[in-house]
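One structure below.
The figures here come from the full heavy-atom set of this structure, side chains too, leaving out hydrogens, waters and symmetry mates. Order of the sequence lines sets the chain letters (A, B, ...), proteins ahead of strands, with each chain counted from 1.
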2 protein chains.
Amino acid sequence: MTGAMTGTDLARLRELNSLSVVRALRGQPPATVTELAQRTGLSRPSVDVMVQGLIAEEWVTIVEPTGSIVGRPARRYQFRASAGHVLGVDIGGHKVLAMIADLDGTAVHSVRHPVAPDADPSTRLEAVDAAIAEALEYTKIHPADIWAITVGVTGPVDASGRTTLFTPLPGWSSVNPVEHLGRRFSCPIQVENDCKLAAVAERWHGVAQDADDIVYVLAGMRTGAGLIIDGTLRRGFGGAAGEIGALRAVRWLDAPSHLQGCPGVPESVGPDDAAAWVFAAARAGDPAAKTAVRRYTKDLAVGTAALVLTLDPQVVVIGGGFSRSADLISDVLRRELERLCLRVPEIRASTLGDESVALGALRLALDEVDLRLFGAGLSAPVAPRRAS
Amino acid sequence: MTGAMTGTDLARLRELNSLSVVRALRGQPPATVTELAQRTGLSRPSVDVMVQGLIAEEWVTIVEPTGSIVGRPARRYQFRASAGHVLGVDIGGHKVLAMIADLDGTAVHSVRHPVAPDADPSTRLEAVDAAIAEALEYTKIHPADIWAITVGVTGPVDASGRTTLFTPLPGWSSVNPVEHLGRRFSCPIQVENDCKLAAVAERWHGVAQDADDIVYVLAGMRTGAGLIIDGTLRRGFGGAAGEIGALRAVRWLDAPSHLQGCPGVPESVGPDDAAAWVFAAARAGDPAAKTAVRRYTKDLAVGTAALVLTLDPQVVVIGGGFSRSADLISDVLRRELERLCLRVPEIRASTLGDESVALGALRLALDEVDLRLFGAGLSAPVAPRRAS
DNA sequence: TAGAGTTCGTAAAGACTACAGCGATATTCG
DNA sequence: CGAATATCGCTGTAGTCTTTACGAACTCTA
């Protein structure tokens, strides 16, 4: 089926087992040789040889024996998660957020810079560069030790990493983030849509960790969607999967206007805070606000129903700025979906806040690293190393 | 990530290489040891050992040397595709179609029985049993030598193989095909939606062999869809993926009525043939017929646009009874999609005819067999054998 | 404090696999 | 009929994992 008729060599066998040990070690507390032997199914002497090799290549460190119950205390071995790092960047309308994580996926530092929504591309890119530089500075990590970068932007992303079709960021359609970052970094760099990244984050650390089929709906001043099918993020052939909002019959573009245009919003409240005010008023019982929220949710439900009917997911996750008010939205949304769909999935509200896009970017960057380490199966036991 | 921390054994190595040889042999003309050595990357002596083993287990047969160019003529080895067979069944409204294929996927026989659309479930099941029995009879294949069965039915299929949500076949929602066939066959039996199977067939032997992201639209007296994403059929969490037609704003349920209710259809033409008459008239230039076709296509386009925007596929395949008139539909459909979508995929018309569902069923059954043979990677080098 | 019990670390022997190389064999070509 | 060519079958070598065994290190108990 696939092109690679891989006949397996003896040397490859050792590589496979070495990787097997690494997998058994990753993201786990320090383990003894016997524990690893049980996990991998290999014999103790074998595992020992593998571990010695991994120590020589600096993938693994020794933790000297702590107190044990009985018998000779065992040396414990630990995956050296700090062998490499990945970078996740969220380039949003109001802010830029750069996060750094080690190979275990634990975030070690993050830097946030505010950006004006109408800032031109060069200003925005300067904020990005500054945030990245500060994060590297603080963590004392050299750019060459960043193994993968993922960048989140708004709008559908094409294969080259640009958002030529459409983006709400002014002037951004002519920007090529891969090229820009490529001057400073020589690792793989990918750009991805923010909704898609948020969906990935929900499956990684959010409310949908148990699900393999997820529809993530961004409910905020913008409305969008990200799809995870069979445990994998789906981009579509042209990177435009989930853009159901482009269908005019789906009123996603105008949906937030129900909130902004709600009668009774005081003059003093700016346009960006109007929605929050309406949700607060609705929770307090204001009839006009309640109507506005209901109308908004009904519009949101039409597009959601189209996604649900198409994909029949296990979970719908409500994210974005309005997810804090999910208690007001969920019930109406569920009723509408029951009316429109064959089978209604679970509805859950995101709790990740505005770090979700950067988190998803980290996860995708880690996936990229994993692919090169454990990946294609060809010839890569150990991998990307740069002479410091 | 996955549970199986599989440490690889020496015996497993031999299994892997044996499978590698089988893969290099499958669906190919008889090959020599040297050819196999090149394809698998293994050495000649190694391949020879593998092949001897496979011959002993009757997976492979020897073809005695035919004329060669020069040098000692090499024995050629051939995968014994007739070692097992799979069964694909299409249970449709008007007909029942049973097909048998060998392990290479070449269809060896098919039997078709007409069924009245309003036939009750027991009558339909009798037709199914008869078709299967005749196919086995003709090919002299024993039921125990059928290694997998896939059945296609209309309506969304749940995990147990029933169509409890909805089906146009009268009384069928209470039928459990897996249980029914399980009395006669002990192999894996799966039931799948007909649109989904047709989609699989298009990627296997139809017009979408080059694509990994496919939206298949069934355009006929019924309207439906099947989705292939990243090369794999997507069922959805509850098996109801692609059922966008359930959305009332998508006028798929009533779309064919534009054709049936077209003014000018002669009394003599029955309701089943009205659509064909309208297409013929439209091709001849009849204005009323052309309007009817345009209206039908516009309704078809709304749901298709929702699918396309959600998934951003490479190809949209038009199948079903109306695909013979795709020349009348394609242009209008493309124009509508250009109006509604961000990026318009290729539109292709199916040429598989009414065997597509049974073909897709065969492919899924073969996939099931492959999974057990090459599959999960645990301990299965050779596999399902029944003492005859 | 000494000995028993337990577990770890490491070394040697055994079994199996794949690979490289060589002579024997079978066919075609001149 | 001999030369050329390519396959076939066999033997020895290198590499890997496993099993077995024994010394080392620590805890518990008397």
Next item on the list: Look at the side chain of B:T34 and decide which nucleotide, out of D:dT7, C:dG9, D:dT18, has an atom nearest to it.
Entry: D:dT7
Next item on the list: Rounded off to whole Å, could you give me the CG-to-C1' distance for the A:L10 and C:dC19 pair?
Entry: 9 Å
Check: What is the distance from CD1 of A:I62 to C1' of C:dC8, rounded to the nearest Å?
Finding: 14 Å
Notebook entry, point to check: In whole angstrom, what separates A:R12's CZ from C:dC19's C1'?
Noted result: 18 Å
Notebook entry, point to check: Which whole-number value in Å describes the distance from B:R72 CZ to D:dA3 P?
Noted result: 21 Å
Check: In terms of side-chain heavy atoms of A:V70, which of C:dG9, D:dA25, C:dT6 is nearest?
Finding: C:dT6
Next item on the list: Round to the nearest Å and state the distance from B:Q38 atom CD to D:dA6 atom C1'.
Entry: 13 Å
Next item on the list: Give the nucleotide from the list C:dA26, D:dT18, C:dA18 with an atom nearest to the side chain of A:P45.
Entry: D:dT18
Notebook entry, point to check: Distance from A:F185 atom CZ to A:I149 atom CD1, nearest 0.5 Å?
Noted result: 4.5 Å
Checklist line | Distance, nearest 0.5 Å, that separates CD1 of B:I214 from CG of B:L227 | finding: 10.5 Å
Item checked: Closest to side chain of A:L42, choosing from C:dA18, D:dT16, D:dT18 -> D:dT18
Item checked: Gap separating the CZ atom of B:F237 from the CG atom of A:D212, nearest 0.5 angstrom -> 9.0 Å
Margin query: Assess whether a salt bridge exists between A:E192 and A:R235, defined as any Lys/Arg side-chain N lying under 4.0 Å from an Asp/Glu carboxylate O.
Written below: yes
Note to self: Whole angstroms only, please: what is the CG-C1' distance between A:D48 and C:dA12?
What the structure shows: 15 Å
Next item on the list: Find which nucleotide of DNA chain C each of A:D9 and A:R75 is nearest to by heavy atoms, and output the residue with the more 5' nucleotide.
Entry: A:R75
Note to self: Using a 4.0 Å heavy-atom cut-off, does A:T32 contact any base of the nucleic acid, only the sugar-phosphate backbone, or nothing at all?
What the structure shows: nothing
Margin query: Nearest whole Å is fine: how far is D:dA21 P from A:R44 CZ?
Written below: 14 Å
Check: Over how many whole Å does the gap from B:Q52 atom CD to D:dC10 atom P extend?
Finding: 10 Å
Check: Between A:N17 and D:dC17, does any side-chain N or O lie under 4.0 Å from OP1 or OP2?
Finding: yes
Item checked: Touch class at under 4.0 angstrom, heavy-atom based, for B:S46 against every strand present -> sugar-phosphate
Next item on the list: Cation-pi check, A:R363 to A:W204: give yes when NZ or CZ is under 6.0 Å from the six-membered ring centre and within 45° of the ring axis, no otherwise.
Entry: yes
